[in-house]
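Everything below concerns the one structure shown next.
By convention in this document, chain letters (A, B, ...) are assigned in the order of the sequence lines, proteins followed by strands, and residues within each chain are numbered from 1.
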Protein chains: 2
Amino acid sequence: MSPLQDHFVHVQCGDCPIRHRAVCARCETDELMRLEQIKYYRSFQAGQTIIWSGDRMEFVGSVVSGIATLTQTMEDGRRQMVGLLLPSDFVGRPGRATAAFDVTATTDLVMCCFRKKPFEEMMLSTPHIAQRLLEMTLDELDAAREWMLLLGRKTAREKIASLIAIIARRDAALQRKRTPVALSVDLPLTREEMADYLGLTLETVSRQISALKRDGVISLEGNRRVMIADIDRLMEEAGDDSDGGILV
Amino acid sequence: MSPLQDHFVHVQCGDCPIRHRAVCARCETDELMRLEQIKYYRSFQAGQTIIWSGDRMEFVGSVVSGIATLTQTMEDGRRQMVGLLLPSDFVGRPGRATAAFDVTATTDLVMCCFRKKPFEEMMLSTPHIAQRLLEMTLDELDAAREWMLLLGRKTAREKIASLIAIIARRDAALQRKRTPVALSVDLPLTREEMADYLGLTLETVSRQISALKRDGVISLEGNRRVMIADIDRLMEEAGDDSDGGILV
DNA sequence: CGCTTCGTTGACTCTTTTCAAATTCAGTGG
DNA sequence: CCACTGAATTTGAAAAGAGTCAACGAAGCG
């Protein structure tokens, strides 16, 4: 279909931007060489669905660039985002035949893919991969549990403040900047996607963003860029007891 | 303190009721023997806190009998359950020094514990343990994501119906009964604990249970035992598209 | 320039929460 | 066995927060 569907040039793992955070992070040179042989790149356009829930999973892989979401939809159309995948995040579930959630590219996106079978075999022979995957999965589980607190107990205002803080933290982590957190953050999501992340309607998202702006906690530069006026205030509004401690 | 604090008699792993579901499920006889040497039992009374969020984690382990919860609490007291641990479920996070959530026994409970350090070392030398732990963690992550849909998008009535269905499924799984699902289920939680699970208040929980009863979807036998009048109806009320398919 | 998508705002509705009181239940000691 | 006590649960009435429906404005694109 689109030119973006075509496979990308093959990048050497050593030069890969996510080399030290992805599932391959702990691999030695020789292990990397074996991965190199079974990997391939795939690109997706913004809006394109990567995997449908219920589909047979042919591959697993890592997000190299761009952003993807994991979502669940009820028959009547209510939708909840259950994962936000940034570069280095892993997609797929070794040991399961079909996908449990929809995976969608929300921006143009490049994935480093492995056919599922060879990857599973390699996991058995390469403890470094399984170890790293376990570590990443445990981290995701912790993140999911924080997210559950947000969904179950936070007010709309706290949800918005939390989302901004989460995104600020995550992309500070990605850029390996240990700076307390950027003063301005790009929201990679539409209002509707934020609503799906937060368990709100898009109208409520819009209203609460306006309210935080009105109250001087943030300011906007266009619709997508948020300037964080007062980071401590934002953390306070987010209602997290874990103080503004940096990162993941 | 209490007599229950004392260590239990040492049960042979071969006779352990959770032998085939817990983190040791894939272990061979010799691997089991090594686990046997480092394990010890601990008992907790109903209501007792097993681990406080932020505490140094000295041990990890499996729930052998009884029920525990993972919860998060905000400064102002709002509380969200983020894990419900039944027999065979794993407690603790290898590779992390401090606990991220409170773990509490909601019934009298027995755990099979391993000091964290020896267990971590054993994970490195015993792929079967790491493999099983990865599998269990991925399952928990999937469960957490279903839970997120519940918290973010379901109505109070759907939440209650879902909870009853989830508990029915989980203890059918535990008893290895492949029967479609018991006709009656014991709710191992108080109304308040259910509320913390579902992101509701206890009053709303009570009201919705009454409503389901009034509408003939369930009936109660005492406060804790639910008779499921019509399982298909219950699944429908729960709003899950995944049809009443059995188990985990 | 018109079209479509995205975002904001307003008015009103409705579900769930909050606050308060009544009721049931389980365990204790008489 | 029964009355008593405190915890758990149910129920009611009022309030609040978020949702729904609808209109309007802004930005990107052919």
Quick one: which residue pairs count as a ring pair (Phe, Tyr, Trp, His ring centres under 6.0 Å) with a foot in residues 57-92 of chain A, not counting sequence neighbours? A:Phe90-A:Phe119
Report yes if some heavy atom in the side chain of A:Tyr41 is under 4.5 Å from a heavy atom in the side chain of A:Val64; otherwise report no. yes
Base, sugar-phosphate, or nothing for B:Gly199, non-hydrogen atoms under 4.0 angstrom? sugar-phosphate
The single option from A:Thr104, A:Leu109, A:Val91 that satisfies side chain to side chain contact (heavy atoms under 4.5 Å, CB included) with A:Leu85 is A:Val91
Whole angstrom is fine here: how far is it from CG in A:Asp76 over to P in D:dG19? 14 Å
Between protein and nucleotides 8-17 of chain D, map the contacts as a letter string: B base, S sugar-phosphate only, - none, heavy atoms under 4.0 Å, written 5' to 3'. -SBBBB----
How long is the line joining CZ of A:Arg78 and P of C:dT15, in whole Å? 13 Å
Roughly how many Å is it from CG in B:Asp196 to P in C:dT16, rounded to a whole number? 17 Å
Can you measure A:Glu193 atom CD to C:dT5 atom P for me and round it to whole angstrom units? 15 Å
To the nearest Å, how far apart are A:Ile160 CD1 and C:dG7 P? 12 Å
Can you figure out which of D:dA18, D:dG19, C:dT18 approaches the side chain of A:Thr201 most closely? D:dG19
Integer-rounded Å distance: C:dT16 C1' and B:Glu158 CD: 14 Å
What's the angle between the local helix axes at either end of the helix from C:dC1-D:dG30 to C:dG30-D:dC1, using five pairs per end and rounding to 10 degrees? 40°
